[in-house]
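Below is one structure, written out as structure tokens; the observations come after it.
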Amino acid sequence: AQKVTQAQTEISVVEKEDVTLDCVYETRDTTYYLFWYKQPPSGELVFLIRRNSFDEQNEISGRYSWNFQKSTSSFNFTITASQVVDSAVYFCALGGAGNMLTFGGGTRLMVKP
Amino acid sequence: GAVVSQHPSWVICKSGTSVKIECRSLDFQATTMFWYRQFPKQSLMLMATSNEGSKATYEQGVEKDKFLINHASLTLSTLTVTSAHPEDSSFYICSARESAAGANVLTFGAGSRLTVL
């Protein structure tokens, strides 16, 4: 069975602070994919990143960075210099061979001006 | 890039009526589409896997007679909520995998918010 845990249900920061969203996963698959999605109040899911299980390189995209550590089954997401527009619910998800995704419970990020 | 369109984006209906939600892949073919349900302030839960030309595969606990899924073509899957009740009020999101794309390249629709009065 696959499981994704996002222990932080809500985080509140002040603009310009850095914030890290945690994600821990469980799977028996040797090949799998990890994702982060952003869900703004409008509801649509915005794809942020996909990482396969064989690629442990960390990735940086602008103010976003991701730290994949297979040894601890974690795929954490950091936003540097947060902005009000970053306020949303962020979901970590795990995909296996069947292409269906298992989502974590989500972390609601509130960035205050 | 790949685009998935959902229609309607929101719908309000009376209890006892049926509602159909469409999920279309606009610029690619999708042999498989997925339907998710999201209650307020909760995560997305997979309801079923929709397979073109065959029966959908439902997740445990999802009533297949309640949530009818039809995937009649490579670009369209429909979810019909039959005899809707207030507890069916939810946000329904579909996703599609481009047939020619690599594994786990999924595109999500914008979601359909159903309110049953």
Side-chain angles (χ1 to χ4, degrees), chain A residues 1-11 21-25 27 29-55 68 75 87-110, chain B residues 1-11 21 23 30-52 56-60 62 69 89-115:
Chain A
Q2 297 189 322
K3 185 179 178 181
V4 178
T5 302
Q6 293 179 253
Q8 307 144 309
T9 53
E10 276 193 19
I11 300 176
L21 311 181
D22 298 333
C23 173
V24 175
Y25 63 92
T27 180
D29 293 341
T30 52
T31 301
Y32 53 89
Y33 296 83
L34 294 162
F35 301 79
W36 275 95
Y37 288 90
K38 175 181 180 180
Q39 188 178 42
S42 53
E44 79 274 20
L45 282 176
V46 178
F47 169 81
L48 296 178
I49 189 171
R50 179 182 79 141
R51 174 69 69 211
N52 76 51
S53 52
F54 298 109
D55 182 2
F68 177 26
F75 187 44
S87 298
V89 180
Y90 291 85
F91 289 99
C92 179
L94 171 66
N99 292 302
M100 61 198 72
L101 297 185
T102 299
F103 285 84
T107 298
R108 182 175 301 275
L109 174 64
M110 292 172 285
Chain B
V3 177
V4 171
S5 171
Q6 264 186 260
H7 178 81
S9 54
W10 59 271
V11 56
I21 301 170
C23 179
T31 53
T32 304
M33 292 185 177
F34 302 92
W35 286 96
Y36 290 85
R37 182 176 184 177
Q38 185 181 29
F39 289 108
K41 296 191 177 183
Q42 293 191 25
S43 186
L44 286 81
M45 301 300 294
L46 180 66
M47 297 175 66
T49 302
S50 172
N51 304 298
E52 186 267 336
T57 304
Y58 289 82
E59 295 300 299
Q60 195 172 12
V62 178
I69 291 173
S89 299
S90 190
F91 192 57
Y92 295 88
I93 306 177
C94 73
S95 69
R97 171 180 171 264
E98 186 174 351
S99 303
N104 292 110
V105 180
L106 295 175
T107 302
F108 282 84
S112 300
R113 193 168 301 281
L114 170 64
T115 301

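Convention: sequence-line order gives letters A, B, ...; per-chain numbering from 1.
For the atom pair CZ of A:F103 and OH of B:Y36, the computed distance is 5.0 Å after rounding to the nearest 0.5 Å. To the nearest 0.5 angstrom, B:S95 atom OG is 6.5 Å from A:L101 atom CG. In this structure, CD in A:E44 is found 7.5 Å from CZ in B:F91, a value given to the nearest 0.5 Å. Between atom CD of residue A:Q39 and atom CD of residue B:Q38 there is a gap of 4.0 Å, rounded to the nearest 0.5 Å.
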Please report the C-alpha distance between A:Y33 and B:L106 in whole Å, then the side-chain angles of each, then the deciding distance to 0.1 Å, and finally whether the side chain to side chain contact (heavy atoms under 4.5 Å, CB included) criterion is met.
-> CA-CA 11 Å; A:Y33 296 83; B:L106 295 175; over 6 Å; no

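At least one donor-acceptor pair closer than 3.5 Å links the side chain of B:S43 to the backbone N or O of A:G104.
The residue among A:A93, A:S42, A:G43, A:G106 with the most heavy atom pairs within less than 4.5 Å of chain B is A:G43.
In this structure, B:R37 has no salt bridge (Lys or Arg N to Asp or Glu O under 4.0 Å) partners at least two apart in sequence or on a different chain.
For B:L44, the parts sitting under 4.5 Å from any heavy atom of chain A are the backbone and the side chain alike.
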Donor-acceptor pairs are to be reported for all side-chain atoms of residues 2-9 of chain B against protein atoms at under 3.5 Å, with residues two or more places apart or in another chain.
| unit_1 | atom_1 | unit_2 | atom_2 | d |
| --- | --- | --- | --- | --- |
| B:Q6 | OE1 | B:C94 | N | 3.0 |
| B:Q6 | OE1 | B:G111 | N | 3.0 |
| B:Q6 | NE2 | B:Y92 | O | 2.9 |
| B:Q6 | NE2 | B:S112 | OG | 3.0 |

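Smallest separation of non-hydrogen atoms from B:Q42 and A:F91: O-CZ, 3.9 Å.
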